[in-house]
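By convention here, the first residue in the shown sequence is residue 1.
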Amino acid sequence: MAAPTVTAALNATVFNPGETMTLMVTYGDPDTRPVTVTIVVTDAQGNRSAPVDVVAVIDPLTLTVSDDSGRTWSKVSDNGAVAAYRAVA
């Protein structure tokens, strides 16, 4: 199994106290696989419903953000590949 990958960048390298810091995190896992389950209902006369697909992800990823000052990082957005966090300097 491959290890997850992550890169991160702050919106600046120097902050004044009280400024908003934005952290962008790009992440992934090369061996995470979506699984599609297809459901079709058939009655006694052989009539069939249209197929319905449901997708699940096996081996989902969880992000944790912390720093050595104990400040709180709040998630602003996360699309499954890129997440944005904010904190106050």
Side-chain angles (χ1 to χ4, degrees):
M1 296 201 113
T5 59
V6 64
T7 59
L10 285 166
N11 61 314
T13 56
V14 177
F15 296 93
N16 292 315
E19 284 187 305
T20 299
M21 302 185 302
T22 302
L23 175 68
M24 298 300 294
V25 180
T26 303
Y27 64 97
D29 190 354
D31 63 0
T32 295
R33 303 277 186 254
V35 174
T36 302
V37 178
T38 303
I39 300 100
V40 175
V41 177
T42 306
D43 66 14
Q45 291 78 32
N47 299 309
R48 297 170 51 106
S49 70
V52 174
D53 290 338
V54 179
V55 178
V57 174
I58 307 300
D59 192 19
L61 299 173
T62 302
L63 295 178
T64 304
V65 176
S66 62
D67 66 33
D68 59 3
S69 72
R71 82 180 29 87
T72 301
W73 289 88
S74 301
K75 187 184 324 184
V76 176
S77 64
D78 187 349
N79 69 7
V82 178
Y85 289 83
R86 285 202 182 119
V88 177

Could you work out, with side-chain hydrogen bond (donor to acceptor under 3.5 Å, both in side chains) as the rule, every residue matching [X], not counting sequence neighbours?
X: D68; result: none
X: D53; result: T38
X: N16; result: none

> Is there a donor-acceptor contact under 3.5 Å from the side chain of S49 to the main chain of V41?
Replying inline: yes
> Linking Ile, Leu, Val, Met, Phe, Trp and Tyr through side-chain heavy atoms less than 4.5 Å apart, which residues share a cluster with V65?
Replying inline: V6, L10, F15, M21, L23, V25, Y27, L61, L63, W73, Y85
>> Running the 4.5 Å side-chain criterion over Ile, Leu, Val, Met, Phe, Trp and Tyr, what cluster does V40 land in, apart from itself?
In response: none
>> Show me the pairs that pass salt bridge (Lys or Arg N to Asp or Glu O under 4.0 Å) and involve residues 8-28, at least two apart or across chains.
In response: none
> Does anything in residues 70-87 pair up under salt bridge (Lys or Arg N to Asp or Glu O under 4.0 Å), and if so which pairs, sequence neighbours excluded?
Replying inline: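 The answer is D67-R71, K75-D78.
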> If every non-hydrogen atom of T26 is compared with every non-hydrogen atom of V82, which pair is closest and at what distance?
Replying inline: OG1-CG2, 4.0 Å
> What heavy-atom pair brings P30 and A3 nearest, and what distance separates the two atoms?
Replying inline: CD-O, 3.8 Å
Tell me, please, which residues at least two apart from [X] pass side-chain contact (heavy atoms from CB on, under 4.5 Å).
X: V54; answer: I39
X: I58; answer: V35
X: T5; answer: none

